[in-house]
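This is a predicted model, so every value here is computed, not measured.
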Amino acid sequence: MTDYPVTMDIEPEVQAFFDEATNTISYIVKDPSSQSCAIVDSVMDIDYAAGRITYDHADELIAQVETQGLKLEWIIETHVHADHLSAAPYIQEKLGGKIGIGSNILVVQDTFGKVFNEGTEFQRDGSQFDALFEDGDSYMIGTMQGFAIATPGHTPACMVHVIGNAVFAGDTLFMPDGGSARADFPGGDAGELYDSIQKVLSLPGDMRLFICHDYGPGGREIAWETTIAEERESNIHVGGGKTREEFIAFRTARDAQLSMPKLIIPSIQVNMRAGEMPHDGQGNMSLKVPINALK
Ligand SMILES: [Fe+2]
């Protein structure tokens with residue numbers, strides 16, 4: 001396994017912003033020793049029925065960065081989300097910073113370039129992003145180091161980001177009572193997801209773990225912070241030493257019963273472009289709805 005540069009002695013300040021429309025949690029992660037910060041998994045608001053986009057959630061993040069006098073260095077996408085749209089380019093325009101995602105974005109762009117029958121103007125080389133992370137790649141946010149762990153399974157480009165003693169799990173793990181994300185999207189794989197989760201669970205037990213989505217199972221309050229040790233012990237899908245075979249059987253049966261996320265059609269088209277809206281031939285922002293193309 002890759003030798004990851006774990007540094008438990010750095011404790012970033014983590015501010016969470018819950019988006020009620022999509023149950024997404026976005027984060028501002030601040031270096032305790034400087035004014036530098038990163039944003040993880042931002043959200044652009046969409047009224048899909050009306051074909052209207054707005055930026056209330058992103059504006060809240062931007063206002064916080066500005067009010068606190070922070071310097072935004074990174075805008076990180078843990079993966080190509082299928083249930084919400086990223087606001088990365090909107091935030092970058094206002095605050096700067098580099099947009100980064102896993103290098104397997106090329107696989108996602110190739111797969112969905114076909115699904116959405118994109119023309120040659122849609123580059124499938126990841127060039128819409130400023131940085132493509134490989135497994136184990138590290139980067140700086142002021143004086144603190146972050147690094148990426150490749151965690152394919154939910155999607156090919158999934159990465160978990162570790163910044164000091166804080167882990168940003170994306171969809172690789174949910175809260176212990178929420179389990180794990182589905183593995184049946186194109187390029188997803190339940191066995192691969194299990195292996196990826198084991199990599200994350202091998203991090204130090206007292207690392208803080210922040211998740212990307214929470215739905216408050218059983219009516220509990222929305223939550224987003226746990227620890228690696230808690231996930232190891234009690235995650236309902238993988239905790240307590242569940243085997244790979246058990247996980248694959250459970251995940252496959254469960255995924256067969258799930259319907260598509262409400263926003264998958266707009267989300268993929270926008271997020272595979274790093275959060276930019278696609279355009280029609282006349283330069284107008286426009287989305288496609290391919291018929292019977294998503295399996
Ligand atoms: Fe996701």
Side-chain angles (χ1 to χ4, degrees), residues 11-30 37-48 54-65 67-68 76-79 81-87 151 154 158 160-183 193 197 200-201 203-240 242 247 250-251 254-255 257-259 261-264 267:
E11 290 186 39
E13 294 165 24
V14 179
Q15 300 168 52
F17 300 84
F18 180 66
D19 178 56
E20 270 183 31
T22 62
N23 287 70
T24 304
I25 301 106
S26 305
Y27 296 98
I28 296 176
V29 190
K30 181 189 170 293
C37 73
I39 286 178
V40 180
D41 289 334
S42 65
V43 177
M44 172 162 71
D45 310 309
I46 185 165
D47 178 346
Y48 189 38
T54 48
Y55 295 98
D56 291 350
H57 189 75
D59 283 338
E60 195 186 341
L61 295 174
I62 292 165
Q64 283 300 325
V65 170
T67 310
Q68 297 171 41
I76 288 168
E77 299 294 320
T78 54
H79 62 296
H81 307 276
D83 53 7
H84 71 271
L85 284 63
S86 166
T151 53
H154 169 55
C158 281
V160 165
H161 285 261
V162 182
I163 304 170
N165 73 349
V167 182
F168 297 88
D171 288 2
T172 299
L173 282 164
F174 293 147
M175 291 298 284
D177 59 356
S180 60
R182 63 196 297 172
L193 179 57
I197 289 172
V200 178
L201 296 183
L203 290 166
D206 51 351
M207 271 196 166
R208 298 178 287 162
L209 186 130
F210 297 90
I211 52 138
C212 183
H213 294 293
D214 189 62
Y215 304 91
R220 75 141 162 72
E221 293 242 319
I222 297 294
W224 47 75
E225 181 176 352
T226 178
T227 63
I228 295 286
E230 278 173 5
E231 294 282 20
R232 258 186 231 148
E233 258 163 55
S234 56
N235 183 288
I236 54 167
H237 296 171
V238 291
K242 291 242 174 19
F247 179 77
F250 159 79
R251 193 67 266 171
R254 172 76 165 262
D255 290 350
Q257 300 182 343
L258 299 175
S259 49
K262 275 196 307 246
L263 294 178
I264 188 168
S267 296

Report yes if some heavy atom in the side chain of [X] is under 4.5 Å from a heavy atom in the side chain of [Y]; otherwise report no.
X      : Y      : answer
Asp171 : Thr78  : no
Lys262 : Tyr48  : no
Asp206 : Asn165 : no
Phe168 : Val29  : yes
Trp224 : Asp214 : no
Phe17  : Gln64  : yes
Val40  : His161 : no

Compare every heavy atom of [Y] with every heavy atom of [X], then report the nearest pair and how far apart it is.
X      : Y      : result
Thr227 : Gly205 : CB-O, 3.6 Å
Ala63  : Thr67  : O-OG1, 2.5 Å
Val160 : Val167 : CG1-CG1, 3.4 Å
Ser267 : Leu85  : OG-CD1, 3.5 Å
Glu77  : Ser42  : OE2-OG, 4.2 Å

Measuring from [X]:[atom1] to [Y]:[atom2], what's the distance to the nearest 0.5 Å?
X      : Y      : atom1 : atom2 : result
Lys30  : Gln15  : NZ    : CD    : 9.0 Å
Asn235 : Leu209 : CG    : CG    : 9.5 Å
His81  : Cys158 : NE2   : SG    : 8.5 Å
Asp56  : Asp19  : CG    : CG    : 10.0 Å
Glu231 : Met175 : CD    : CE    : 7.5 Å
Met44  : His57  : CE    : NE2   : 12.5 Å

Passes side-chain contact (heavy atoms from CB on, under 4.5 Å), Ile222 versus Tyr215? Steps please. CA-CA 7 Å; Ile222 297 294; Tyr215 304 91; 5.8 Å; no
Go through the steps for Leu173 and Leu201 under the test side-chain contact (heavy atoms from CB on, under 4.5 Å), then give the verdict. CA-CA 10 Å; Leu173 282 164; Leu201 296 183; 4.0 Å; yes
With no hydrogens and no angle check, is any side-chain donor or acceptor of [X] less than 3.5 Å from a backbone partner on [Y]?
X      : Y      : value
Arg251 : Ala181 : yes
Tyr27  : Cys212 : no
Asp41  : Ser26  : no
His154 : Arg182 : yes
Arg208 : Ala166 : no

His84 side chain to Thr22 side chain, donor-acceptor N/O pair below 3.5 angstrom: no
Establish, from distance only, whether the side-chain atoms of Asp83 and His213 form a donor-acceptor pair under 3.5 Å.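 Note: Asp83 and His213 side chains meet the donor-acceptor criterion.
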Using 30° and 60° as the class limits, which term best fits the ring planes of His237 and Phe247: parallel, tilted or perpendicular?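 The arrangement is tilted - the two ring planes meet at 30° to 60°.
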Applying the side-chain contact (heavy atoms from CB on, under 4.5 Å) test to Ser180, which of Thr172, Ile197, Ile236 qualifies? Ile197
